[in-house]
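Worksheet: one structure, shown below.
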Amino acid sequence: MLDYVDGSSLAGPMRELFAVDVTAVEGRCAACGLTGPIAALHVYGHDHGPGLVGRCPGCDEIVLRLVRTPTDAWLDVRGAVSLRFSL
Amino acid sequence: MARTAVSRRLTWRAAELREVRGETSSAHSLIFEVPGWPGHLPGQHVDVRLTAEDGYSTERSYSIASAFTDHHDLVELTVQRIPDGEVSPYLVDVLQPGMRVELRGPVGGWFVWRPADTAPVLLVAGGSGVVPLMAMIRARAQASVRVPFRLVYSTRTPEDVLYADELRRRALEDRGLDVTIVYTRRVPDGHGRPPGRLTAADLAEWGWPPDFEPAVFVCGPTGFVEAAADLLIDAGHEPARIKTERFGGTDA
Ligand SMILES: Cc1cc2nc3c(=O)[nH]c(=O)nc-3n(C[C@H](O)[C@H](O)[C@H](O)COP(=O)(O)OP(=O)(O)OC[C@H]3O[C@@H](n4cnc5c(N)ncnc54)[C@H](O)[C@@H]3O)c2cc1C
Ligand SMILES: [Zn+2]
């Protein structure tokens with residue numbers, strides 16, 4: 001399926017949760033070890049529903065999920081070994 | 001206690017449409033006034049939220065087309081109408097000056113070009129993917145930077161070219177900016193290249209060779225970005241130097 005966008009599209013939803021831009025943060029995929037910015041993930045679900053799924057551009061495994069409800073945001077990053085914030 | 005942290009997070013702000021500029025029969029540039037706009041870098045985008053009277057709301061991302069100048073609070077977006085789309089036909093056909101939307105941004109810190117960057121730049125656009133790349137071209141001119149820029153812009157027909165007059169003018173006046181338009185369906189009279197999708201030969205002729213180590217920005221519908229990024233990597237460009245922004249959809 002082709003209809004995905006880049007991880008940059010997570011920038012808006014994530015900036016509601018974090019004070020800094022996390023899309024330029026480097027993450028490491030737990031499945032294949034690829035490192036790269038969150039902005040390079042393939043994001044599905046951008047045009048429907050409350051959930052966004054970010055998949056690794058190398059192996060297509062799920063790296064993170066962001067689900068919004070009217071009162072909460074759930075961020076699941078179990079597909080990432082680490083996120084490196086440069087300070 | 002958590003005040004400062006909370007206030008640094010982004011929320012939605014009201015944006016009033018000030019002016020509309022027709023670009024093509026299916027795309028308009030929308031100039032919004034956003035009080036307190038903090039400024040932005042070329043390549044960043046905003047999320048636009050529409051809310052119906054019954055409370056239903058929906059949001060989409062739009063790249064910022066304008067370069068930031070600090071003497072006003074104006075933000076320009078260029079929206080291409082997608083037939084049967086939920087949001088874009090409203091923005092292009094219904095929204096009138098004086099009406100408001102909600103806007104969250106600027107966001108995105110990766111697909112950006114900074115005037116202090118010194119690498120030559122290759123911009124590869126498919127359709128409305130030219131929008132954030134135009135912001136880079138405008139910011140380059142505004143900062144009077146001489147870093148060489150090349151834009152290779154793929155679009156269907158001569159009538160579909162966004163910013164046609166401005167690109168023609170800048171290609172003559174902005175020193176170090178080359179603009180090439182590749183037509184996929186129909187070419188203008190007297191144009192040498194037959195219509196067709198972007199090829200490796202187009203990028204070899206009109207882009208930068210990989211050993212120049214250009215910073216490459218590729219933007220457009222997802223299918224276009226896939227194809228163009230593959231051509232660039234096959235030509236020897238370092239994947240780490242290729243930044244992509246996929247707009248969704250599959251049509252090039
Ligand atoms: C970071 C980012 C920046 C963007 N910047 C711009 C911009 O500057 N200008 C702009 O016009 N759009 C831009 N887009 C696309 C925009 O967010 C919307 O997806 C687009 O306007 C369609 O929304 P819609 O509600 O009208 O259509 P929808 O109701 O979401 O979709 C209707 C149908 O059109 C298809 N479709 C969706 N998007 C596209 C597309 N881009 N091309 C072809 N088919 C599509 C869908 O698959 C669907 O079948 C950007 C997207 C992202 C992620
Ligand atoms: Zn992976």
task = Name, in order of residue number, those residues of residues 99-117 of chain B that have a heavy atom at a distance of less than 4.5 Å from a heavy atom in chain A; otherwise write 'none'.
result = B/Arg104, B/Val107, B/Gly108, B/Gly109, B/Trp110, B/Phe111
remark   = Expected contact set for residues 236-246 of chain B against chain A at heavy-atom separation under 4.5 Å reads B/Thr244, B/Glu245, B/Arg246
request  = Take atom CZ of A/Arg84 as the centre, draw a 6.0 Å sphere, and report whether it contains more than 12 heavy atoms from other residues, nucleotides or ligands.
outcome  = no
inquiry  = I'd like to know whether CZ of A/Arg28 has more than 12 heavy-atom contacts from other residues, nucleotides or ligands below 6.0 angstrom.
reply    = no
key: Atom group of A/Asp6 that falls short of 4.5 Å from chain B, counting heavy atoms   = both
ask   = For A/Leu10, is it the side chain, the backbone, both or neither that has a heavy atom under 4.5 Å from a heavy atom of chain B?
value = neither
ask   = Backbone N or O of A/Tyr4 within a donor-acceptor pair of the B/Thr222 side chain at under 3.5 Å?
value = yes
ask   = What residues of residues 53-63 of chain A sit under 4.5 Å from chain B when you count only heavy atoms?
value = none
task = Spell out the residues in residues 69-78 of chain A that have some non-hydrogen atom less than 4.5 Å away from a non-hydrogen atom of chain B, in order of number; otherwise answer 'none'.
result = none
message = Shorter than 4.5 Å, heavy atoms on both sides: which option in A/Ala40, A/Ala11, A/Ala24, A/Gly36 has the most such pairs with chain B?
response = A/Ala11
inquiry  = For the interface with chain A, which of B/Asp47, B/Thr11, B/Val87 has the highest count of heavy-atom pairs at distances below 4.5 Å?
reply    = B/Asp47
